Number of protein chains: 2
Amino acid sequence: MGKITMADVAEKAGVSKSTVSQFLNKRYHYMREDTRTRIEEAIKELNYQPNYLARSLKQKRTSTVGIIVGNIMHRFSTEVSRAVEDYFIQHDVHTIVCNADNNPEKEKKYIEMLRAKQVDGLIIFPTAPNLDIYQQLIRENYPVVFMDRKLSGLKAPLVASENNEATWSAIQHFIDQGHERIAIVTEPLTISTRLERRDGYKQALEENGIEIKPDFLVSAEIKQIQQELEKLFAIESPPTAILAGNDLLLIEVLKFAKEKNLKIGEAFALIVFDNIPFAHLVDPPVTTIKQSSYLMGERAAELLLKQINNQKIEALEMRFPCELIIRDSSKRLK
Amino acid sequence: MGKITMADVAEKAGVSKSTVSQFLNKRYHYMREDTRTRIEEAIKELNYQPNYLARSLKQKRTSTVGIIVGNIMHRFSTEVSRAVEDYFIQHDVHTIVCNADNNPEKEKKYIEMLRAKQVDGLIIFPTAPNLDIYQQLIRENYPVVFMDRKLSGLKAPLVASENNEATWSAIQHFIDQGHERIAIVTEPLTISTRLERRDGYKQALEENGIEIKPDFLVSAEIKQIQQELEKLFAIESPPTAILAGNDLLLIEVLKFAKEKNLKIGEAFALIVFDNIPFAHLVDPPVTTIKQSSYLMGERAAELLLKQINNQKIEALEMRFPCELIIRDSSKRLK
DNA sequence: CCCATTTACTAAATCGATTTAGTGAACCGG
DNA sequence: CCGGTTCACTAAATCGATTTAGTAAATGGG
């Protein structure tokens with residue numbers, strides 16, 4: 001026997017497909033009590049499961065959204081997507097998570113795939129090369145929310161951290177602890193997040209009258225980081241403090257320190273941008289800049305749902321503050 | 001203007017929908033060269049994107065599979081799902097990843113949702129209470145592969161690690177290092193994986209003529225682990241070696257050690273089951289039991305695709321060996 | 001040059017739901 | 001008891017593709 005459809009249920013219950021459909025949509029006032037129970041029983045007996053494809057095709061609504069994260073390996077992405085999922089499940093909307101691996105080609109493929117599947121909206125961690133695709137989405141009035149990264153000229157809601165301010169406080173904290181030779185390590189400056197963090201770094205130094213040394217601005221792909229750190233510590237007076245731009249960079253810095261036998265908190269102080277689940281467990285515990293990932297995910301989801309329901313959206317850019325969690329790694333050096 | 005459909009393309013190109021459909025399916029021999037280019041141009045000009053819902057409804061095939069992981073917070077789950085996705089993308093199949101949070105209710109919801117969406121098959125990290133649902137899937141001949149955990153009586157392919165053997169070697173390694181008081185910490189013994197690991201532990205001790213002390217078999221929910229460890233170290237002669245059953249338990253053990261000022265490698269030796277990205281970066285580096293997560297994911301995907309294509313499957317149970325990566329945390333105590 | 005085959009298409013049915021317009025019977029107020 | 005309303009449904013169109021059967025024109029062999 002093939003798959004059970006609504007027609008089978010209708011026949012078994014002795015009613016028309018229309019009535020079964022009304023039943024499934026809980027519009028019970030359309031039928032008598034006994035009809036309702038007959039349909040109920042037929043469904044149970046046949047173990048009928050509705051076909052969402054057919055339903056979605058007719059309704060032009062899939063009750064599904066997509067989220068395309070930059071790189072699922074970052075804790076931040078995981079936490080955001082978890083929040084988005086939690087929010088939508090409460091509104092009977094399913095979430096499909098896709099990992100673009102920070103690869104514009106892959107991202108483009110996923111956007112096309114999700115739209116072909118007719119998802120009702122998208123949350124995107126955007127990459128610059130796909131700007132025209134985003135413009136197209138917006139032109140079509142397709143519900144979309146951007147996350148974490150700002151692309152100029154995009155007239156769509158953005159949810160991001162106060163990267164500049166957060167980095168500023170971290171650097172100010174270093175300075176308060178007596179540091180003057182402070183380095184910042186980021187991935188290549190291709191997205192706004194990294195630029196904003198670098199700007200916060202520069203501002204803090206300038207305000208304190210500390211010269212900005214180009215050598216202390218390290219930006220490279222993860223794979224290149226080891227040799228860049230090598231260079232950084234080969235100069236005449238190497239940094240006494242390092243800000244690592246995200247969790248994956250932390251791993252690299254820790255690896256470098258281990259290999260070179262540089263003790264964190266003694267050879268140099270350390271702060272990381274991002275939520276690191278084991279930050280308080282390593283020795284010494286690492287000072288972190290915690291983003292409000294969960295709140296940001298919720299907010300993005302809410303903004304997306306509003307668009308899907310054709311509601312107006314008040315502000316286009318929502319910035320969330322970060323929290324500096326001070327631990328031993330950023331204390332004054334021994 | 002509403003959404004562009006195949007009818008719009010057909011009209012613009014001056015052909016019928018059927019021909020456009022043939023074009024989309026690359027059956028070019030059905031049309032003349034110039035018709036083909038006319039359709040090509042119409043599609044480009046209108047920026048037409050096919051609707052997968054309609055296509056899937058007709059074809060009774062979505063070219064999409066689902067994977068329901070036990071808990072996405074485990075590194076193992078992430079690596080497996082990544083492998084599954086990589087495999088399927090090469091075969092033009094999309095993968096939807098769902099996180100059941102080790103919650104049978106949630107898992108059930110996801111299975112229903114994915115089936116309603118008509119996915120072509122499922123890879124599941126199963127939980128015991130949903131046994132009847134799995135039996136139902138198998139009875140319906142629905143393509144399914146189980147991962148990581150074995151439920152007896154399920155006549156469906158299983159891909160899992162050699163948990164027993166791997167744990168055996170880890171414990172044997174402890175014994176070789178002179179340990180006799182060895183504890184094993186796992187989450188509750190509700191799934192086969194944990195039972196198999198416990199059995200491997202027992203076997204190794206028995207073979208070496210070491211008495212099995214119930215106190216050394218710690219099983220509890222993550223939230224309860226701290227107090228259980230407290231008890232474990234309160235007994236007259238506490239363990240000198242601990243095997244942590246997975247990555248989340250490692251975090252708990254490290255946290256406990258930190259709080260109690262017990263130094264790993266001095267107060268007790270440590271081995272963890274699972275791939276831990278920062279295992280070699282903590283002090284001392286932690287010995288791990290590495291599962292072949294990527295290979296397992298690939299294999300599961302392959303087995304699922306075979307079922308989807310109605311091919312025979314040779315063996316029902318595939319076990320993958322683990323690798324013991326020895327680092328300082330499991331050396332003889334100082 | 002005629003009939004058969006091939007070429008290059010098209011019309012219409014179909015997938016499994018939703019939804020709108022419509023229908024017959026019961027009810028009901030005046 | 002008669003016209004209007006309500007009740008409890010049903011028939012049929014529809015969503016946007018795929019696919020099968022069919023057709024008109026061109027080709028080609030004898």
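Given the structure is predicted, the values throughout are model-derived calculations rather than measurements. Side-chain atoms are counted along with the backbone in the values below, which use heavy atoms only and exclude waters and symmetry mates. A, B, ... follow the sequence lines: proteins, then strands. Residue 1 opens every chain.
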Original post:
First contact, last contact: which nucleotides of DNA chain D are these for chain A, 5' to 3', heavy-atom distance under 4.0 Å?
Top reply: D:dA8 to D:dG16
**OP:** Please figure out whether B:G14 or B:Q59 has its closest DNA chain C nucleotide nearer the 5' end.
**Re:** B:G14
Original post:
If you look at every strand shown and take non-hydrogen atoms under 4.0 Å, does B:F23 touch a base, only sugar-phosphate, or nothing?
Top reply: nothing
Original post:
For A:S56, what residues pass the side-chain hydrogen bond (donor to acceptor under 3.5 Å, both in side chains) criterion, not counting sequence neighbours?
Top reply: none
**OP:** Take B:K17 and B:H29, find for each the nucleotide of DNA chain C with the closest heavy atom, and name the residue whose nucleotide sits nearer the 5' end.
**Re:** B:H29
Original post:
Does a salt bridge link A:K306 with A:E314, judged by any charged N lying under 4.0 Å from a carboxylate O?
Top reply: yes
Original post:
Which part of the nucleic acid, if any, lies within contact of B:T5, taking any heavy atom under 4.0 Å across all strands shown: a base, the sugar-phosphate backbone alone, or nothing?
Top reply: sugar-phosphate
Original post:
At how many degrees, to 10°, do the end axes of the helix from C:dC1-D:dG30 to C:dG30-D:dC1 meet when each uses five pairs?
Top reply: 50°
Subject >> Between A:K117 and B:T64, a side-chain donor and acceptor under 3.5 Å >> reply: yes
Original post:
Around atom CD of A:E11, are there more than 12 heavy atoms of other residues, nucleotides or ligands at under 6.0 Å?
Top reply: no
Original post:
Which part of the nucleic acid does B:R61 contact within heavy-atom distance under 4.0 Å: base, sugar-phosphate only, or nothing?
Top reply: nothing
Original post:
Does a donor on one side chain sit under 3.5 Å from an acceptor on the other, for B:Q307 and B:Q311?
Top reply: no
Original post:
Using a cut-off of 4.0 Å on non-hydrogen atoms, how would the nucleic acid contact of A:V20 be classed: base, sugar-phosphate, or nothing?
Top reply: nothing
**OP:** Using a heavy-atom cut-off of under 4.0 Å over every strand shown, decide if A:K60 touches base, sugar-phosphate, or nothing.
**Re:** sugar-phosphate
Original post:
Please give, in whole Å, the distance from C:dA8 P to B:D34 CG?
Top reply: 9 Å
Original post:
So what does A:M6 touch, heavy atoms closer than 4.0 Å: a base, only the sugar-phosphate, or nothing?
Top reply: base
**OP:** Give a yes or no on whether a salt bridge exists between A:E79 and A:R75, defined as a side-chain N under 4.0 angstrom from a carboxylate O.
**Re:** yes
Original post:
How long is the line joining CZ of B:R27 and P of C:dC9, in whole Å?
Top reply: 15 Å
**OP:** Output the distance between atom CD1 (A:I68) and atom NZ (A:K106), rounded to the nearest 0.5 Å.
**Re:** 12.0 Å
Original post:
Does the pair A:Y134 and A:F146 meet the rule for a ring-ring contact (aromatic ring centres under 6.0 Å, His included), with working shown?
Top reply: CA-CA 10 Å; A:Y134 310 140; A:F146 292 100; 5.1 Å; yes
**OP:** Determine, for B:D101 against A:R82, whether the closest basic-nitrogen to carboxylate-oxygen distance falls under 4.0 angstrom.
**Re:** yes
Original post:
Across the strands shown, which category fits A:T35 at heavy-atom distances under 4.0 angstrom: base, sugar-phosphate, nothing?
Top reply: sugar-phosphate
